[in-house]
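Report on the following structure.
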Amino acid sequence: MGGRLLKRWVSLPLKEIQPVNDRLDVVQYHLENEDFNAKTAGYIRQIGDLERLISKVAVNRINLGRSCS
């Protein structure tokens with residue numbers, strides 16, 4: 001999930017200073033709050049590749065592993 005976002009950020013960099021500073025503030029918060037960072041990482045691992053899952057739902061190609069009535 002993060003790989004596609006990173007590619008998007010590299011190919012379409014921020015041009016205004018405020019969004020750059022906002023992003024840096026978030027990074028700084030994560031560096032200073034290890035407990036929050038660990039909890040957030042755990043939640044993200046549980047979500048999996050949400051972007052890919054949503055795209056499958058959009059084209060009706062999702063397999064739930066059970067039959068739906």
Side-chain angles (χ1 to χ4, degrees):
M1 188 164 71
R4 286 188 295 276
L5 180 60
L6 183 58
K7 286 178 189 175
R8 195 173 312 136
W9 285 358
V10 169
S11 63
L12 300 168
L14 297 175
K15 296 177 183 175
E16 302 294 325
I17 192 68
Q18 190 57 49
V20 172
N21 286 331
D22 292 344
R23 193 175 287 172
L24 289 173
D25 289 343
V26 170
V27 171
Q28 186 67 36
Y29 182 84
H30 277 272
L31 291 173
E32 293 173 353
N33 296 282
E34 292 180 23
D35 290 339
F36 177 80
N37 195 29
K39 280 185 177 181
T40 303
Y43 294 138
I44 290 172
R45 272 192 296 281
Q46 289 177 359
I47 292 171
D49 195 344
L50 189 59
E51 188 176 356
R52 182 171 289 157
L53 183 60
I54 289 171
S55 69
K56 285 183 176 185
V57 169
V59 294
N60 201 23
R61 292 187 59 209
I62 191 164
N63 181 3
L64 298 175
R66 62 175 193 251
S67 63
C68 298
S69 358

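All values derive from a computational prediction rather than experimental measurement.
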Identify, with sequence neighbours excluded, every residue that meets side-chain contact (heavy atoms from CB on, under 4.5 Å) alongside F36.
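Applying side-chain contact (heavy atoms from CB on, under 4.5 Å) to F36 gives Y29, H30, N33, T40.
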Would the number of heavy atoms belonging to other residues, nucleotides or ligands and lying under 6.0 Å from CD of E34 be above 12?
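Not more than 12 within 6.0 Å, no.
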Kindly check if the number of other-residue, nucleotide or ligand heavy atoms within 6.0 Å of CG (D25) is above 12?
yes
Does any part of the side chain of D22, heavy atoms only, come nearer than 4.5 Å to the side chain of V26, both counted from C-beta?
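Counting from C-beta outward, V26 and D22 never come under 4.5 Å.
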